[in-house]
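Down below is the structure, laid out as structure tokens.
These figures come from a predicted structure and were not determined experimentally.
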Amino acid sequence: MQFGWESLRSPKTGLLVEGGGQLAIYSVGALQYFFDANVKFPYYIGVSAAAANIVSHLAGHRNRTERFYTEYAKRPEYMGLKNFLKTRSFISLEYIYDTLTNHLDPVNYDVLLACQDEIRVVVTNALTGQAEYFDQSAFKERQCSALMASSALPVYCKPILIGGVPYYDGGVADSIPVAKALADGCERVVAVLNRPRGFQKKPEKGRQIYGLVLRKYPKIAEVLRIRHVRYMQSLQTLESLEAQGRAVIIRPDQTLPMNTFTRSPRETLEIVRLQGYNDAKRFCAEKR
């Protein structure tokens, strides 16, 4: 048994993983523990970088995403001012999800597409400001456009076009997609979050100029202004489920010693990854 539940499939239990750029190396560690302990869920939903972590995990890779945080993120092609000046995107999603993902450190699409478990990748429609959710079919063409879209931070990245529709980071509209997991039939949720208990999300910095910077996408500017409110509402829903015994929340005891764009020192990244691993292991043991 894991988490004190006889089965993760009946009742249906979903794994929800929060994004957060480089902070998501915490969930890399948690997923590595699930890999080692052979903990499998029937449903996975991830936001931004965490969606990429989940996809790599379900493709049968244990250590692949770790390299993205500790090695590739330091490359100038990955993210930086030069990228922004050249392409108007601080983070090169094409380099991450095409050059690396399809060529230099390829994801195993054969294993991913053979996976029978449900996958949801959260994105935000740039025209409506509403969250949308891609499933396994998004990877049938052996491309990762859905992951590009889920990680396209407004201001830092250009929106990603999929089927002619521009999309931004899934965390804009649905940072903690617990309502979607419940709507998809999950009766219980295991959530991996990057913030400690008691965290209060504050309004977005720079929100006063979003209307100008994002003038082509006014709905995104609107949603960003209330993102902190939606985040806290979703967190409260999740914690309510936890109080009912329907959720397990894996999260650090203290604020992580890094931020969305932290690339060094490597020792800090390794500490956070190991913390995620040990926290997942501890929560499994405590709930048995």
Side-chain angles (χ1 to χ4, degrees), residues 1-9 11-37 39-51 53-54 57 117-120 122 131 170-171 174-202 227-258 260 271-288:
M1 293 190 298
Q2 303 290 345
F3 310 106
W5 297 327
E6 292 184 1
S7 170
L8 296 179
R9 298 187 175 273
K12 182 179 177 181
T13 305
L15 178 67
L16 181 162
V17 188
E18 181 183 12
Q22 290 290 95
L23 288 170
I25 193 171
Y26 179 81
S27 67
V28 169
L31 288 168
Q32 286 176 335
Y33 174 74
F34 294 147
F35 188 98
D36 293 344
V39 176
K40 297 181 179 180
F41 299 83
Y43 179 97
Y44 296 80
I45 186 165
V47 184
S48 192
N53 293 346
I54 286 174
H57 175 76
D117 300 317
E118 295 179 67
I119 306 170
R120 299 290 184 271
V122 187
D174 199 1
S175 297
I176 304 178
V178 60
K180 176 59 176 175
L182 296 176
D184 284 346
C186 292
E187 296 184 45
R188 301 178 307 201
V189 176
V190 173
V192 181
L193 306 182
N194 302 322
R195 310 291 188 176
R197 185 177 295 277
F199 171 73
Q200 295 289 318
K201 189 167 183 62
K202 298 178 180 179
R227 183 185 180 193
H228 62 295
V229 176
R230 289 186 172 182
Y231 182 99
M232 294 307 300
Q233 289 172 341
S234 296
L235 181 59
Q236 289 166 8
T237 298
L238 186 59
E239 290 180 340
S240 177
L241 291 173
E242 182 186 37
Q244 299 169 34
R246 295 178 57 198
V248 170
I249 305 177
I250 299 170
R251 52 186 167 187
D253 293 330
Q254 297 180 340
T255 300
L256 296 176
M258 56 184 296
T260 301
I271 287 171
V272 173
R273 180 196 62 79
L274 185 59
Q275 184 176 350
Y277 186 99
N278 289 332
D279 285 349
K281 182 178 181 179
R282 175 168 55 86
F283 272 87
C284 281
E286 288 179 353
K287 299 298 180 179
R288 285 184 181 180

Do [X] and [Y] have side chains that get closer than 4.5 Å, going by heavy atoms?
X: Pro177; Y: Leu16; answer: yes
X: Asp279; Y: Tyr26; answer: yes
X: Phe283; Y: Val190; answer: no
X: Gln200; Y: His228; answer: no
X: Val28; Y: Gln32; answer: yes
X: Leu193; Y: Leu235; answer: yes
X: Lys180; Y: Val122; answer: no

Is [X] reaching over with its side chain to a backbone N or O of [Y], donor-acceptor style, under 3.5 angstrom?
X: Ser240; Y: Gln236; value: no
X: Asn53; Y: Ile25; value: no
X: Arg246; Y: Glu187; value: yes

task: Run the salt-bridge test on Lys201 and Glu18 with the 4.0 Å N-O cut-off and return the result as yes or no.
output: no
query: Should the pair Arg120-Asp184 be classified as a salt bridge under the 4.0 Å nitrogen-to-oxygen rule?
result: yes
Return the minimal non-hydrogen interatomic distance between [X] and [Y], and the atom names on each side.
X: Thr13; Y: Trp5; answer: CG2-CZ3, 3.9 Å
X: Cys284; Y: Tyr33; answer: SG-CE2, 3.6 Å
X: Ser48; Y: Gly19; answer: CB-CA, 4.3 Å
X: Asp253; Y: Gln275; answer: N-NE2, 4.1 Å
X: Ala50; Y: Ala24; answer: N-CB, 4.2 Å
X: Pro196; Y: Gln254; answer: CG-C, 3.8 Å

Interatomic distance, [X] atom [atom1] to [Y] atom [atom2] [nearest 0.5 angstrom]:
X: Ile271; Y: Asn278; atom1: CD1; atom2: CG; value: 12.0 Å
X: Arg227; Y: Asp174; atom1: CZ; atom2: CG; value: 10.5 Å
X: Arg282; Y: Ile250; atom1: CZ; atom2: CD1; value: 9.0 Å
X: Leu238; Y: Ile249; atom1: CG; atom2: CD1; value: 4.0 Å
X: Arg195; Y: Leu256; atom1: CZ; atom2: CG; value: 7.5 Å

- request: Mind checking ring pair (Phe, Tyr, Trp, His ring centres under 6.0 Å) for Phe34 and listing every partner two or more places apart, or none if nothing turns up?
  value: Phe41
Worked check of side-chain contact (heavy atoms from CB on, under 4.5 Å) between Leu15 and Val192: CA-CA 8 Å; Leu15 178 67; Val192 181; 4.2 Å; yes
message: Angle between ring planes, His57 versus Tyr44, binned at 30° and 60°: parallel, tilted or perpendicular?
response: tilted
